[in-house]
**Student:** 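Just dropping this structure here.
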Amino acid sequence: MFCGYIQDKELGRVSIFTRSGMRTVRAKWNKFRQLEVTFPVGVKAGDITRIIAANRSQFLAMREELNSQPARFFEGQVIHCLNDTRIEIRRNSVHCRYFTSGFDEKNDCIYVEVPQNCNFSDAANEATIISCLKSIAQRAALLHIVPLALDVAAEKGCSVTDFEIGRGLKKLGHCTREGIISLSANLFFFPEHLVRYVICHELAHLRFMNHSAAFHEECNRLCGGKEKELEQELRHFMQSGKCPVL
C-alpha cells in the first residue's frame, strides 16, 4: 500500500509503502532511479525516518551500482517489434529540445528522436522515451495485434464478439463474459509466438472464465500442447528486461 513520500537531500524523493505479513524492510531503486522502501504494516512515522537514515549508505551504494549499469536506450538502437517492424532511436538533426516520433518511409521504420544533448542515463529522459514507445504501440496495435488475433481465432475455430486494445503492462489480456477480448498494446514489443500464446490464453477463457484444470486443458489444446512451456517463456521474457516498456 502506497503511503506517501519523504524528501531526502541525498536520496531524493523516497516512496514509502507498507505491506501486511512483512517482517523486514525492503528497498529498491525503480527504473526511474527513485528509491522505494516497503515497511511492515504498523511501523510508526518516526521509525520510518530513523530506519532510512540508518540505511542511507546502503541505499546510496545501491544507487551507485544502478547508475554504473549501461543506459537502457542509446543512439542508433533498433527495437524489433511484431511483423518485422523496427523502431530506431535517433538524435534530432536540428537543435530541438522535444522528443518526437514518426515513420521514416525511406528506411521503412518508425523512429523516436531525442534532443541532441539528451543524456540517455537520465531517469527523466528514459521515462520520456518509454512514453513515446507506449504511444507508438497504442497506434500500431490496430494494424498488427488485432489482425493477428483475428487470424489466431479463425485458426482455432473460436468465435469472438470483438477485440479491443488495452494499455496493461502486467495484465496482457482480458476476456469478458460477453466474448470481448482485450489485448495490451504493449504486446507489440513481444515475440509473435508469445503474442499468439496470450491470444490463445484469452480464447480459452471464452469457455472457462477461471483458471481451473478444465481451462488449462483447453488452453493447452489451443497452444498445441505447449501451454506450460510458453507460460514459462512469457514470464522469463517479462523479467528479462528485453521488453523496452517493462
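Along the sequence shown, residues carry numbers from 1.
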**Student:** Report the distance from atom CG of Leu206 to atom OG of Ser159, rounding to the nearest 0.5 Å.
**Tutor:**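 It is 8.0 Å, given to the nearest 0.5 Å.
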**Student:** Counting C-beta onward and ignoring hydrogens, is there a side-chain heavy-atom pair between Glu164 and Ile180 closer than 4.5 Å?
**Tutor:**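 Glu164 vs Ile180: side chains touch.
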**Student:** Quick one: side chain to side chain contact (heavy atoms under 4.5 Å, CB included) partners of Ser135, sequence neighbours excluded?
**Tutor:**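 If we apply the side chain to side chain contact (heavy atoms under 4.5 Å, CB included) test to Ser135, skipping adjacent residues, the hits are Arg139.
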**Student:** For the CD1 atom of Ile199 and the CG atom of Leu187, what is their distance to the nearest 0.5 Å?
**Tutor:**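 Between atom CD1 of Ile199 and atom CG of Leu187 there are 7.5 Å.
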**Student:** Taking Val160 as the starting point, is it possible to reach Met209 by hopping between hydrophobic residues whose side chains are less than 4.5 Å apart?
**Tutor:**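 No; tracing contacts between hydrophobic side chains, which count when under 4.5 Å, never links both residues.
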**Student:** Side-chain heavy atoms nearer than 4.5 Å, only ILVMFWY residues, links allowed to pass through others: does that put Tyr5 and Trp29 together?
**Tutor:**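 In one cluster with Tyr5: Trp29, no.
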**Student:** Pair Glu88, Ile110 - check side chain to side chain contact (heavy atoms under 4.5 Å, CB included), show working.
**Tutor:** CA-CA 6 Å; Glu88 294 185 6; Ile110 303 170; over 6 Å; no
**Student:** Before you tell me yes or no, could you show the steps for Arg97 and Gln116 under side chain to side chain contact (heavy atoms under 4.5 Å, CB included), namely the whole-Å CA-CA distance, both residues' side-chain angles and the distance that decides it to 0.1 Å?
**Tutor:** CA-CA 8 Å; Arg97 58 191 178 92; Gln116 285 193 350; over 6 Å; no
**Student:** For Gln7, does the CD atom sit with more than 12 other heavy atoms under 6.0 Å from it, leaving out its own atoms?
**Tutor:**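 It does: Gln7 CD has more than 12 such atoms within range.
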**Student:** On a heavy-atom basis, which atom in Pro147 and which in Leu142 lie closest, and how many Å separate them?
**Tutor:**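 Of all heavy-atom pairs spanning Pro147 and Leu142, the closest is CD-O, 3.3 Å.
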**Student:** Linking I/L/V/M/F/W/Y whenever any side-chain heavy atoms sit under 4.5 Å apart, do Phe188 and Leu246 land together?
**Tutor:**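 Yes, because Phe188 and Leu246 connect within a single hydrophobic cluster, where side-chain heavy atoms sit under 4.5 Å apart.
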**Student:** Does Leu172 form a side chain to side chain contact (heavy atoms under 4.5 Å, CB included) with Leu183? I'd like the steps, not just the answer.
**Tutor:** CA-CA 6 Å; Leu172 301 173; Leu183 298 168; over 6 Å; no
**Student:** Would Phe39 and Cys3 count as a side chain to side chain contact (heavy atoms under 4.5 Å, CB included) here? Give the steps.
**Tutor:** CA-CA 10 Å; Phe39 295 86; Cys3 299; over 6 Å; no
**Student:** Ring centroid separation for Tyr111 and Phe103, is it under 6.0 angstrom?
**Tutor:**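 Aromatic pair excluded; centres sit 6.0 Å or further apart.
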**Student:** Should Met22 and Ile48 be counted in the same cluster of Ile, Leu, Val, Met, Phe, Trp and Tyr side chains packed under 4.5 Å apart?
**Tutor:**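 Different clusters: Met22 never reaches Ile48 through Ile, Leu, Val, Met, Phe, Trp or Tyr contacts under 4.5 Å.
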**Student:** Considering all heavy atoms of both residues, which atom of Val152 and which atom of Cys200 are nearest to each other, and what is their separation?
**Tutor:**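 Heavy atoms only, the tightest pair is CG1-SG, 4.0 Å.
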**Student:** Are Leu60 and Ile52 connected in a single hydrophobic cluster, I mean Ile/Leu/Val/Met/Phe/Trp/Tyr linked by side-chain heavy atoms less than 4.5 Å apart?
**Tutor:**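 Same cluster: Ile52 reaches Leu60 through Ile, Leu, Val, Met, Phe, Trp or Tyr contacts under 4.5 Å.
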**Student:** How far apart are the C-alpha atoms of Arg33 and Asp122, what are their side-chain angles, what is the distance that settles it, and do they pass the salt bridge (Lys or Arg N to Asp or Glu O under 4.0 Å) test?
**Tutor:** CA-CA 9 Å; Arg33 305 297 198 275; Asp122 183 85; over 6 Å; no
**Student:** If we only count heavy atoms from C-beta on, is the His205 to Ile181 side-chain gap below 4.5 Å?
**Tutor:**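 A side-chain contact under 4.5 Å is absent here.
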**Student:** Regarding Asn83 and Thr85, is there a side-chain donor-to-acceptor distance under 3.5 Å anywhere?
**Tutor:**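 No, no side-chain donor-acceptor contact under 3.5 Å.
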**Student:** Got more than 12 heavy atoms from elsewhere within 6.0 Å of CZ, Arg167?
**Tutor:**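 For Arg167, atom CZ is not crowded (no more than 12 foreign heavy atoms under 6.0 Å).
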**Student:** Check Lys226 against Asn220 and note the closest heavy-atom contact, atom names and distance.
**Tutor:**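 The answer is N-OD1, 3.3 Å.
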**Student:** Given side chains that start at C-beta, do those of Met238 and Phe190 come closer than 4.5 Å, heavy atoms only?
**Tutor:**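 Side-chain contact under 4.5 Å: yes.
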**Student:** What's the shortest heavy-atom distance between Leu222 and Lys156, and which atoms?
**Tutor:**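 Looking at all heavy atoms of both residues, the closest pair is O-NZ, 2.8 Å.
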**Student:** Is the distance between the ring centroids of Phe120 and Phe74 under 6.0 Å?
**Tutor:**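 No, the ring centres sit 6.0 Å or more apart.
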**Student:** Listed by chain and number, what are the salt bridge (charged side-chain N to carboxylate O under 4.0 Å, His left out) partners of Glu155, not counting sequence neighbours?
**Tutor:**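 Scan of Glu155 (salt bridge (charged side-chain N to carboxylate O under 4.0 Å, His left out), adjacent residues dropped) gives Arg196.
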**Student:** More than 12 non-hydrogen atoms from neighbouring residues, nucleotides or ligands closer than 6.0 Å to CZ on Arg86, yes or no?
**Tutor:**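 Count over threshold, so yes.
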**Student:** Hey, are the side chains of Thr18 and Thr38 touching, using non-hydrogen atoms and a 4.5 Å cut-off?
**Tutor:**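 No, their side chains stay 4.5 Å or more apart.
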**Student:** Under the side chain to side chain contact (heavy atoms under 4.5 Å, CB included) rule, collect the residues that match up with Pro244, sequence neighbours excluded.
**Tutor:**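 Partners of Pro244 under the side chain to side chain contact (heavy atoms under 4.5 Å, CB included) test: Phe73, Ile79, Leu133, Phe189.
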**Student:** Are the side chains of Asn92 and Phe99 in contact, using a 4.5 Å heavy-atom criterion?
**Tutor:**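 Contact flag for Phe99/Asn92 side chains = no.
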**Student:** Would you say Ile89 and Glu75 make side-chain contact, with heavy atoms under 4.5 Å?
**Tutor:**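 A side-chain contact is absent here, since even the closest heavy-atom pair is not under 4.5 Å.
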**Student:** When you look at OH of Tyr98, are more than 12 heavy atoms from neighbouring residues, nucleotides or ligands closer to it than 6.0 Å?
**Tutor:**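 No, OH of Tyr98 has 12 or fewer neighbouring heavy atoms, counting only those of other groups under 6.0 Å.
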**Student:** Assess whether a salt bridge exists between Asp47 and Lys44, defined as any Lys/Arg side-chain N lying under 4.0 Å from an Asp/Glu carboxylate O.
**Tutor:**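 Not counted as a salt bridge, because no side-chain N and carboxylate O are separated by less than 4.0 Å.
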**Student:** Any side-chain heavy atom of Arg90 sitting closer than 4.5 Å to one from Asp104?
**Tutor:**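 Yes. Closest side-chain heavy atoms under 4.5 Å.
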**Student:** For atom CG of Asp84, is the number of surrounding heavy atoms from other residues, nucleotides or ligands below 6.0 Å larger than 12?
**Tutor:**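 Incorrect, the count does not exceed 12.
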**Student:** So which heavy atom on Leu11 is nearest to which on Asp8, and how close?
**Tutor:**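 So the two residues come closest at N-OD1, 2.9 Å.
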**Student:** To the nearest 0.5 Å, what is the distance between OG on Ser184 and CD1 on Ile145?
**Tutor:**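 Here the interatomic distance stands at 7.0 Å.
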**Student:** Heavy-atom distance under 4.5 Å between the side chains of Asn186 and Cys243, does that happen here?
**Tutor:**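 Side chain of Asn186 against side chain of Cys243, heavy atoms only: no contact under 4.5 Å found.
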**Student:** Please give me the minimum heavy-atom distance between Asn210 and Ser212, naming the atom from each residue.
**Tutor:**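 Closest approach of Asn210 to Ser212: OD1-OG, 2.8 Å.
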**Student:** Just wondering, more than 12 heavy atoms not from Arg26 lying within 6.0 Å of its CZ?
**Tutor:**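 12 or below, so no.
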**Student:** Rounded to the nearest 0.5 Å, how far apart are CD of Glu227 and SG of Cys219?
**Tutor:**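 Reported to 0.5 Å precision, the distance equals 4.0 Å.
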**Student:** Atom CG of Asn119 and atom CG of Asn125: how far apart are they, to the nearest 0.5 Å?
**Tutor:**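 It comes to 6.5 Å.
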**Student:** Sort out for me which residue in Glu218, Glu231, His211, His216 forms a side-chain hydrogen bond (donor to acceptor under 3.5 Å, both in side chains) with His201.
**Tutor:**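 For His201, the side-chain hydrogen bond (donor to acceptor under 3.5 Å, both in side chains) test succeeds with only one of Glu218, Glu231, His211, His216, which is His211.
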**Student:** Say whether Asn30 and Glu36, considering side chains only, have a donor N or O and an acceptor N or O under 3.5 Å apart.
**Tutor:**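 Result is yes, a qualifying pair exists.
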**Student:** Just how far is it from atom CG of Leu35 to atom CG of Asn55, taken to the nearest 0.5 Å?
**Tutor:**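 The distance works out to 10.0 Å.
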**Student:** Are Glu113 and Arg91 within salt-bridge range, i.e. N to O under 4.0 Å?
**Tutor:**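 Salt bridge: no.
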